[in-house]
Peer 1: 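One structure follows; several queries about it will come next.
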Amino acid sequence: MSGPVLEIIDLEAGYNRKPVLQGVSLTVMPGEIVAIIGPNGAGKSTVLKSVIGMLAARKGDILYHGARINGNKPSDNVPLGIAYSPQGNMVFDDLTVTENLAIGGYTLTDKGLATSRMAEVFALFPELAARQKYDAGDLSGGEKQMLALGRALMLRPKLLLLDEPSLGLAPAALKKSFTTIRGIRDSYQTAMLIVEQNVDAVFAIADRVYVMALGKVIAEDVPANLPRERLKGLFLGAMK
Ligand code: ADP
């Protein structure tokens with residue numbers, strides 16, 4: 001049995017003088033889909049930004065396959081197999097679908113590999129295959145989300161960090177997107193850490209869930225053991 005893909009131990013991080021994470025610990029095992037839920041401002045996105053290296057850890061450790069990656073920049077972490085899809089599915093609106101995917105695979109010096117990875121993304125998302133020459137700005141919200149995910153998959157990551165993949169998606173697109181996310185895990189055994197506000201959507205695909213509030217983990221369990229309706233009411237109702 002191999003160890004965790006990601007292990008966060010007592011992480012403290014924040015912005016300028018503002019402390020946000022106050023001793024967060026969590027693990028993601030190989031092939032595991034782990035969700036972080038909690039109210040707005042709990043620090044969920046800050047966890048992902050710390051792991052990818054956009055934000056420096058002030059205390060604690062971030063271990064990737066057992067090695068410390070504290071202090072790494074995103075450009076150090078991406079080649080190690082960590083991919084990050086930020087909130088809002090930031091794609092380059094003025095570039096085509098194909099060009100956006102090519103950017104995702106920019107470190108692939110083997111052009112044949114880049115082409116075959118792109119073909120895999122198109123097989124996963126036929127909607128994108130049909131719109132290869134479209135500007136990303138002309139895609140629907142659901143298609144942009146597919147493109148952001150496809151771009152993250154170009155390097156066949158071992159750990160995928162997804163910040164609110166449900167954001168802005170209509171129910172049908174959301175269901176499809178989450179089914180695809182689980183399909184990616186099933187096909188490639190990609191470990192995933194997913195930040196979500198949509199409890200029902202993420203509970204349907206997560207193996208384990210961490211609940212965060214005020215910069216701390218306040219609960220951790222398999223979805224079936226967590227009080228879903230109470231969480232929805234307590235945390236997510238509060239921000240509406
Ligand atoms: P969540 O993802 O749970 O909604 P975040 O991690 O985005 O929470 O934010 C946690 C806290 O950090 C919030 O109080 C937020 O205002 C603050 N914060 C987030 N990003 C920044 C930033 N770039 N600069 C300063 N404060 C920030």
Side-chain angles (χ1 to χ4, degrees), residues 6-28 32-62 64 69-75 77 82-91 141 144-145 148-149 152 159-169 174 177-178 181 191-206 208-221 223 226-240:
L6 178 69
E7 196 171 5
I8 301 178
I9 306 163
D10 280 332
L11 179 66
E12 295 184 19
Y15 305 90
N16 301 318
R17 251 174 255 105
K18 184 186 166 91
V20 175
L21 303 182
Q22 308 190 34
V24 168
S25 297
L26 64 81
T27 56
V28 183
E32 196 180 30
I33 298 182
V34 172
I36 308 177
I37 63 165
N40 228 351
K44 305 181 299 296
S45 298
T46 303
V47 173
L48 298 192
K49 288 183 206 166
S50 302
V51 174
I52 193 64
M54 289 168 64
L55 200 63
R58 291 181 179 173
K59 263 193 186 167
D61 269 319
I62 304 173
Y64 175 64
I69 58 166
N70 310 32
N72 276 12
K73 297 192 188 70
S75 55
N77 286 329
I82 308 178
Y84 168 60
S85 189
Q87 207 177 76
N89 306 315
M90 286 184 244
V91 294
K144 277 191 186 181
Q145 211 263 339
L149 201 52
L159 174 65
L160 186 54
L161 310 170
L162 299 178
D163 199 341
E164 269 202 71
S166 76
L167 200 71
L169 296 188
L174 188 150
S177 172
F178 274 61
I181 291 170
M192 302 191 187
L193 184 59
I194 306 180
V195 159
E196 257 305 334
Q197 299 269 9
N198 188 321
V199 173
D200 287 331
V202 82
F203 271 38
I205 66 165
R208 279 187 310 119
V209 177
Y210 290 87
V211 184
M212 279 187 71
L214 300 172
K216 292 184 177 156
V217 171
I218 57 166
E220 182 256 310
D221 214 325
L226 287 166
R228 174 190 307 226
E229 294 308 319
R230 247 187 75 216
L231 289 172
K232 277 159 69 175
L234 275 176
F235 294 145
L236 312 175
M239 50 163 283
K240 292 221 171 91

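Everything numeric in this text was worked out from a predicted model, so none of it was measured. Whatever order the structure lists ligands and atoms in, that order sets their numbers, starting from 1.
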Peer 1: Do any N/O atoms on V195 end up under 3.5 angstrom from N/O atoms on ligand 1?
Peer 2: no
Peer 1: Could you tell me, atom by atom, which parts of ligand 1 come under 4.0 Å of a heavy atom of S45?
Peer 2: 1 (P), 2 (O), 6 (O), 7 (O)
Peer 1: Can S177 and Q145 be counted as having a side-chain donor-acceptor contact under 3.5 angstrom?
Peer 2: yes
Peer 1: Considering K18, R17, Q197 one by one, which has a heavy atom nearer to atom 15 (C) of ligand 1 than any of the others?
Peer 2: K18
Peer 1: What atoms in ligand 1 come closer than 4.0 Å to a heavy atom of A42?
Peer 2: 1 (P), 3 (O), 8 (O)
Peer 1: P39: heavy atom below 4.0 Å from ligand 1, yes or no?
Peer 2: yes
Peer 1: Which residue owns the protein heavy atom closest to atom 3 (O) of ligand 1, what's the atom, and how far is it?
Peer 2: K44 NZ, 2.8 Å
Peer 1: Can you list the atoms of ligand 1 that are under 4.0 Å from a heavy atom of K49?
Peer 2: 20 (N)
Peer 1: For V20, take its heavy atoms, then give the atoms of ligand 1 lying under 4.0 Å from any of them.
Peer 2: 10 (C), 11 (C), 12 (O)
Peer 1: How far is atom 22 (C) of ligand 1 from its nearest protein heavy atom, and which residue and atom name does that atom have?
Peer 2: Y15 CD2, 3.4 Å
Peer 1: Does only the side chain of N40 get under 4.0 Å from ligand 1, or the backbone, or both, or neither? Count heavy atoms.
Peer 2: both
Peer 1: About how many Å separate CG of L6 and CE of M192, when rounded to the nearest 0.5 Å?
Peer 2: 14.0 Å
Peer 1: Which value, rounded to the nearest 0.5 Å, describes the distance between I8 atom CD1 and Y64 atom OH?
Peer 2: 13.0 Å
Peer 1: Out of the candidates V24, L26, I37, only one should pair with M212 under the side-chain contact (heavy atoms from CB on, under 4.5 Å) rule; please name it.
Peer 2: V24
Peer 1: If I compare all heavy atoms of V91 with all of A148, which pair ends up nearest, and what's the gap?
Peer 2: CG1-N, 3.9 Å
Peer 1: Which option, G41, A213, S50, owns the non-hydrogen atom nearest atom 13 (C) of ligand 1?
Peer 2: G41
Peer 1: With rounding to the nearest 0.5 Å, note down the distance linking CG in D163 to OH in Y84.
Peer 2: 5.0 Å
Peer 1: If you compare all heavy atoms of S25 against all heavy atoms of D10, which two are closest, and at what distance to 0.1 Å?
Peer 2: OG-N, 2.8 Å
Peer 1: Suppose we measure from atom 8 (O) of ligand 1 to each protein heavy atom; which comes out shortest, and what is that distance?
Peer 2: G43 N, 3.1 Å
Peer 1: For the atom pair CD (E164) and CD (Q197), what is the distance rounded to the nearest 0.5 Å?
Peer 2: 4.5 Å
Peer 1: For T46, take its heavy atoms, then give the atoms of ligand 1 lying under 4.0 Å from any of them.
Peer 2: 5 (P), 6 (O), 9 (O), 10 (C)
Peer 1: Using only heavy-atom distances, determine whether the side chains of S166 and E196 contain a donor-acceptor pair under 3.5 Å.
Peer 2: yes
Peer 1: Just to check, does G38 reach to within less than 4.0 Å of ligand 1 when the distance is taken from its heavy atoms?
Peer 2: no
